[in-house]
Every structure is written in C-alpha cells, then in structure tokens.
Amino acid sequence: MTTENMMPKTYDVRTHGCQMNVHDSERLAGLLETAGYVDVATVPVAQRPDVADVVVFNTCAVRENADNKLYGNLGQLRPAKLRNPDMQIAVGGCMAQKDRSTIVERAPWVDVVFGTHNIGSLPALLARAAHNKRAEVEILESLETFPSTLPTRRDSAYSGWVSISVGCNNTCTFCIVPSLRGTEQDRRPGEILAEIEALVAQGVIEITLLGQNVNTYGVEFGDRLAFGKLLRACGEIEGLERVRFTSPHPAAFTDDVILAMAETPNVMPSLHMPLQSGSDTVLRQMRRSYRSARFLGILDTVREHIPDAAITTDIIVGFPGETEEDFQGTLDVVRQARFSSAFTFQYSIRPGTPAATMSDQVPKAVVQERFDRLIALQEEVSWAENRRFEGREVEVLVAPAEGRKDSETQRMSGRARDNRLVHFAVPDGSERPRPGDLVTVGVTYGAPHHLVADAAVDGGGYRVRRTQGGEAWAALQADPSHGGKPKVSLGIPAVGRPAPAPTAPACTIP
C-alpha cells in the first residue's frame, strides 16, 4: 500500500507482438494481482494515477521497428520515473531475451529485465530491485516450468488461450524466435484437457490452442498424431462451443489433422497457414521445408473436406535475393489459394538471423512496390471471397466491441465460425445479445475486411442463443471492481515427456 492514501499499488502491462505474448501478458497480470497489485484500468478515474506504479512491457523482436518502439516508449516514461523514483519499469518478452543488459545501458531508468523463460520471476525481481536500488536483469536460457503453471488473469470471460507447447525446432533463416523461445517442449495431453475443462467451468465457450508450431505437438513424446487426437478430445468437452488453433507449419500438416477438423463439430472451419513466399527458390533460402505445390495441395485437401474453410496466411515480401520472377510466384499462389485475408510483411533485417548477412538484400523501393502490388491483389481476393457470403446466414460469437463505428451504426460485432469479422444490426424490439452469446444473422454486404449483416432490419432471420459465455460476461459487469475481466485463476502444470505407464508386477506363484 502507498503511505499517502493506503491504495494498493497499480500495474499496467503493455503487450506487443503475437498471441503467445498476449497470453504471457495474462500470466504477468495474474502474477502481479497475486502479489497485491491492481490493474490501473480498474481504479476509478478520479483516483487513477497518470502512470501506474509498475509498468511492464512485454516485447516482440520480430518487427523491424521493435527496438525503436520499445525505446521510444521507455523514453516517454522517463519524466514519470524522475517525478516518482519509487515507480518501477520492467521489460520482458523476446526483445528482453535478445538484448539483455543492453536495455539497461540504453535506458538506465529501467528497473527489471526478464526473459521469455522466467516470466514467473517478475514479482521477486521487482521486490529485489526496490530493495537493492538497482536494476535487476535475469535471463534464463531454457524453460524450467511451463508457463501454464502460473496464475493467469484472462482478458475475456468467454474466450481463452491455452498453450500446448512452447519453443520451435525449425531453423527459418528470417526468424529469431527459436533462439529466444528455445526448442519445442510439449505439455501432457491430460493437463491441456484439464485446463480447458477448468476454463469451461468458468464460463469459457471458445478456446484457442497455442504453439509456435502448433501441429508439431507430440514431437517431444514421440506421437506424430498427437495434435489430431487432441482436437478430437476437445470435441468431447461438454460446453466447449468453439476450438481454434494457431499457428501450424505446412511441412508438418497431415491429413489426420484435416480429418480431425472436419469430423469434430466444435473445431472451427478456419485455418491460418503461413505461406511466407510462393517461390520455391525463396522458400529454400528461407529453410522452409515445403514447396508451393505442397502448400496448395494442403489447401485443396482442406477444402475437399471442409468446403467453407476460411484460410489466412503470412507472407514476406523482399526476402534477400527475391527476384521479380520469385515475387510473381507469390502472386500466383495468392491467386490460387484464395486466402480470406493475409498478414503481409516487408522483409527487414533482424540481427542474429542467418538472413541478416545474406547478400542481395532487395532495395527498399523495390520491396515497397512489390508490397503494394501484393496488398492490392489480396484486397481483390478478400473482397471477392466475402461477397460470396451475401444472402447467407452466419453464426456470430458476439464480442464487447470489434467495430470502431458500432456506436454510430447501432450495430454489434463478433466473429463467425470461420473467424470472419461480422458487424450486425439488432432489429427494434428484439433481444439484444450479450458478449459471449451466439447470434445467427443474414449477411447483406461483404466488404474487403468484414461482413455486414443487416438482414434482420428488413425482416430477415435473427436468432439469439444465450450461452454460459454470455452469463460469465454479464456476471463480470455486475462486479465492476475487476474491470470487466475474470478473477485470477491458478495454473495447471507441466512440461515434458509424459510419464511412462506403470508396469504390472510380474506374476508370482506362491
């Protein structure tokens, strides 16, 4: 407690990067709550400090401007630190794992630096830094306990992340993640399912399985079919409405997973399949162990068994040595793949990766021009794909707010089963769904990045199904002390190879 007003100390976790970081930030929040801090956003506005007592940056090292963004944010906090020396600033995540003591050298007002393998150390490091009046830097080289053992404060009442593995065994030349997150380590299937069941008991109706290469799950305990089995097991959990996963690797994507998706009703018809490049030459230089024909073959098989599957992807433009012919290969694959959307990136040098020292770095102007052409093509494809939904009904999991103009248009928003964003109208006098409820609505317009579903305004179909997810969301609104987020839940272990089955004692004759 602070001596002035006996208010609890506040915290603010700021997240950059992937879904793995988002989930790690939920754990950081849970750790701080358990240590007695409160989320600064839950403090009444009249009593809320301009800056929290503890500000944590959970960083990413993948993007080109990650360094500049971090140090820019740290610079903005320096005046607050000068005004209040007891305030603490912590930096964790991939950038911290990579830069280590460099962060304190460049920003000496930082109190704590911790890595991807020891997020559970944050409260102790904060206490140690306060006691010793110096920065504490602790970076472990490997994971000692699986992060799911840590307390977690989830962002959503009805949706949750579940890590099934951490780390990566691939050696993609553009990626620094394996050196920061380590080699793949898998959780035991029973522990994953126990965590999902615990989440469902709390009102969660949608879960997303997370892994750096989620479909290689089982490599550590020698079961190459483990991921498909896990998907099918999720289908047996009563009350679990939607199952998603991200991100798989094309080289490890097998037919048994496609069949598990198709035959398990609560596994959603959406798939994020990173392409990176449509050129086999570039894929070889990237050390991506598949080729464009193999990639398109996977998509064909997915659509054979799941005709309405929405497939999204990642694409890098301007990898070292990429020629115009290589880039045309990428455009050709995009035309054939018919991605519902794509996350597109301009290649940027990441120190510590093999690609950083490759010759034939593509000039920035060339990369930009190719990037613009790719964006234009994907916009065209996405728009055409979304227009196909006009006149059809979709089931939407309602979100608190996913549309910037929802308040102006009087629409609500959420995600269809295939993860498309849907903005829908609620007809006058009809039941208004809660976030976490499911609503079936008619699509009237397909825009490039979302669907508009206003059919109910003109007498079209409109059906609301109240769910335990909606009940969980409503219960949080009745208790504003938690800022609309669930209370901290304790984690479930563990990591590593499953224990061997017990052997029966040898038969003995007395």
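Heavy-atom basis, side chains included; hydrogens, waters and symmetry copies ignored.
- At least one donor-acceptor pair under 3.5 Å links the side chain of T116 to the backbone N or O of L180.
- Interatomic distance, S247 OG to D314 CG, rounded to the nearest 0.5 Å: 6.5 Å.
- Rounding to the nearest 0.5 angstrom, the gap separating the CG atom in L199 from the CD1 atom in I205 is 12.5 Å.
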Taking it one step at a time, do T330 and I315 satisfy side chain to side chain contact (heavy atoms under 4.5 Å, CB included)?
CA-CA 8 Å; T330 295; I315 300 174; 3.8 Å; yes
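- In this model, a donor atom of one side chain and an acceptor atom of the other lie less than 3.5 Å apart for T10 and D53.
- Using a 3.5 Å distance cut-off with no hydrogens or angles, the side chains of Q202 and R154 do pair a donor with an acceptor.
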Candidate pair T246 and L210, rule side chain to side chain contact (heavy atoms under 4.5 Å, CB included), full reasoning:
CA-CA 6 Å; T246 194; L210 290 178; 3.7 Å; yes
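- With 3.5 Å as the limit, one finds a donor-acceptor pair spanning the side chains of S25 and N58.
- Contact check for T344 versus I375: side-chain heavy atoms found under the 4.5 Å cut-off.
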How far apart are the C-alpha atoms of F319 and Q276, what are their side-chain angles, what is the distance that settles it, and do they pass the side chain to side chain contact (heavy atoms under 4.5 Å, CB included) test?
CA-CA 9 Å; F319 187 80; Q276 307 303 0; over 6 Å; no
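- A side-chain donor from one of Q368 and Q346 sits under 3.5 Å from a side-chain acceptor of the other.
- Ion pairing of R14 with D12 is present here, as a side-chain N (NZ or NE/NH1/NH2) and a carboxylate O approach within less than 4.0 Å.
- Between R288 and F174, some side-chain heavy-atom pair lies under the 4.5 Å cut-off.
- No side-chain donor from either of T59 and H16 sits under 3.5 Å from a side-chain acceptor of the other.
- Note that R106 lies in the cation-pi zone of Y71, set by a 6.0 Å cut-off to the ring centre and a 45° limit from the axis.
- Judged purely by atom type and a 3.5 angstrom limit, D437 uses its side chain to pair as donor or acceptor with the backbone of T467.
- In this structure, I119 CD1 and L125 CG are separated by 12.0 Å, a value rounded to the nearest 0.5 Å.
- Between atom OG1 of residue T152 and atom CG of residue D24 there is a gap of 9.5 Å, rounded to the nearest 0.5 Å.
- Side chains of Y158 and Q468: a donor-acceptor N/O pair is absent below 3.5 angstrom, by distance only.
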Worked check of side chain to side chain contact (heavy atoms under 4.5 Å, CB included) between N132 and E136
CA-CA 9 Å; N132 295 336; E136 295 291 335; 3.2 Å; yes
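- Taking the six-membered ring for Trp and the full ring otherwise, the centers of H272 and F343 sit less than 6.0 Å from each other.
- Between Q285 and P320 there is no side-chain heavy-atom pair separated by less than 4.5 Å.
- The CG atom of L70 lies 7.0 Å from the CZ atom of F57; values are rounded to the nearest 0.5 Å.
- Centroid-to-centroid, the aromatic rings of F245 and F227 come within less than 6.0 Å.
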Please walk me through it: do Y11 and E33 pass side-chain hydrogen bond (donor to acceptor under 3.5 Å, both in side chains)?
CA-CA 9 Å; Y11 73 88; E33 294 263 344; 2.8 Å; yes
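- You'll find the side chain of H450 stays beyond 4.5 Å of the side chain of R420, heavy atoms only.
- Panel note: side chain Q378, backbone F339; a donor-acceptor pair is recorded below 3.5 Å.
- Between R153 and E26, no side-chain nitrogen of the basic residue sits less than 4.0 Å from a carboxylate oxygen of the acidic one, so the salt-bridge criterion is not met.
- With hydrogens and angles left out, the side-chain atoms of H449 and E379 include a donor and acceptor closer than 3.5 Å.
- D111 has a carboxylate O that lies under 4.0 Å from a charged side-chain N of K81, or vice versa, which qualifies the two as a salt bridge.
- Between the side chains of T208 and Q19, not a single donor N or O lies within less than 3.5 Å of an accepting N or O.
- The only member of E206, R242, R244 that meets side chain to side chain donor-acceptor pair (under 3.5 Å) when paired with S159 is E206.
- A donor-acceptor pair under 3.5 Å is absent between the side-chain atoms of E322 and the main chain of S277, judged by distance alone.
- With respect to the salt-bridge test (charged N to carboxylate O, under 4.0 angstrom), the residues R187 and E195 qualify.
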